[in-house]
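Just so you know, ligand 1 is whichever comes first in the structure, and atom 1 is the first atom listed for that ligand.
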Amino acid sequence: MQLIECRKMSKNYQNGQIETHVLKDINLIVNDNDFLGITGPSGSGKTTLMYVLSGLEKPTSGEVIMLDRNITQYSGQQLADLRKNQIGFVFQFYNLIPNLTVRENVLLALVIAKGKDESRVDQLLTMVGMAEFCNRYPNELSGGMQQRVAIARSLVNDPKIIFADEPTGNLDTVNGIEIMNLFHKLHTEQKRTIILVTHSDDYLKYCSRYIKLIDGKIVNDEVISV
Ligand SMILES: Nc1ncnc2c1ncn2[C@@H]1O[C@H](COP(=O)(O)OP(=O)(O)OP(=O)(O)O)[C@@H](O)[C@H]1O
Ligand SMILES: [Mg+2]
């Protein structure tokens, strides 16, 4: 099933007199069974593409369709509602709140998402293998552990789609592989759609498909067979 579509989508940034053409005429369909890797050199537009696909940024031209809705002209509030109900985010830096415990960090996200069932916090921490560390503070955890908590946090609203921007960018290889295995599990066992930006071609084998961006254009779109 088709989940997100970009039609002739371009994105420019204007800084004073200087206009940067970041994404150029992107046509892309993301299906619900995709674990889509986005790769490409620094500055090629990976993060910007992720922001437009997730409704964090509006395109300068072209259209974005998500879940059969044309979100191109959505207001900030409509986009925020869509993100709150359908989308989870994971970033390179875990952005955990330092003076809250692991459990409190995930609970806060649940409260913000207006979730009522506190037991979900413990279920998610168990799922990411962090239940036994639930009373620790972020600075008492390794980077990989903090990222697992951030992944649990991204799941409080039971999102259909998870966007991850270089979630392994700050981790060593062992922790990076663990995090990729976790995303793989969210895709295969929980049937979530994953859209994941990565610098490292080594991690593409965890994806079901990848696109490569160069200079704001998709130069490659391949299904990965395992
Ligand atoms: N808010 C902004 N204002 C102006 N220019 C921007 C803005 N955000 C990104 N850019 C420019 O857009 C281009 C693409 O940036 P983007 O962050 O999407 O690249 P990236 O592929 O994610 O790079 P990296 O691998 O370094 O994270 C860069 O030239 C960047 O300077
Ligand atoms: Mg980036």
I'd like to know if the side chain of Asp165 pairs up with that of Thr47 as donor and acceptor (distance under 3.5 Å, no hydrogens or angles considered).
yes

Hey, does Thr168 have a side-chain heavy atom less than 4.5 Å from the side chain of Ile177?
no

Can you count the protein N, O or S atoms that lie less than 2.8 Å from the Mg ion (ligand 2)?
1

Could you grab the distance from atom NZ of Lys160 to atom OG1 of Thr193, nearest 0.5 Å is fine?
4.0 Å

According to side chain to side chain contact (heavy atoms under 4.5 Å, CB included), who are the partners of Pro59, at least two apart in sequence or on a separate chain?
Met9, Val52, Val64, Thr72

Cationic N near anionic O, under 4.0 Å, Arg209 to Asp221:
yes

Do Leu82 and Tyr51 belong to the same hydrophobic cluster, where Ile, Leu, Val, Met, Phe, Trp and Tyr are linked whenever their side-chain heavy atoms lie under 4.5 Å apart, directly or via other members?
yes

Above 12 or not: heavy atoms from other molecules or residues under 6.0 Å from CD of Gln14?
yes

Please list, chain by chain and in numerical order, all residues satisfying ring-ring contact (aromatic ring centres under 6.0 Å, His included) with Tyr210, sequence neighbours excluded.
none

Around ligand 1, what residues show up once you keep those with a heavy atom under 4.0 Å from it?
Tyr13, Asn15, Val22, Pro41, Ser42, Gly43, Ser44, Gly45, Lys46, Thr47, Thr48, Glu166, His199

Give a yes or no on whether His199 atom NE2 has more than 12 heavy-atom contacts from other residues, nucleotides or ligands under 6.0 Å away.
yes

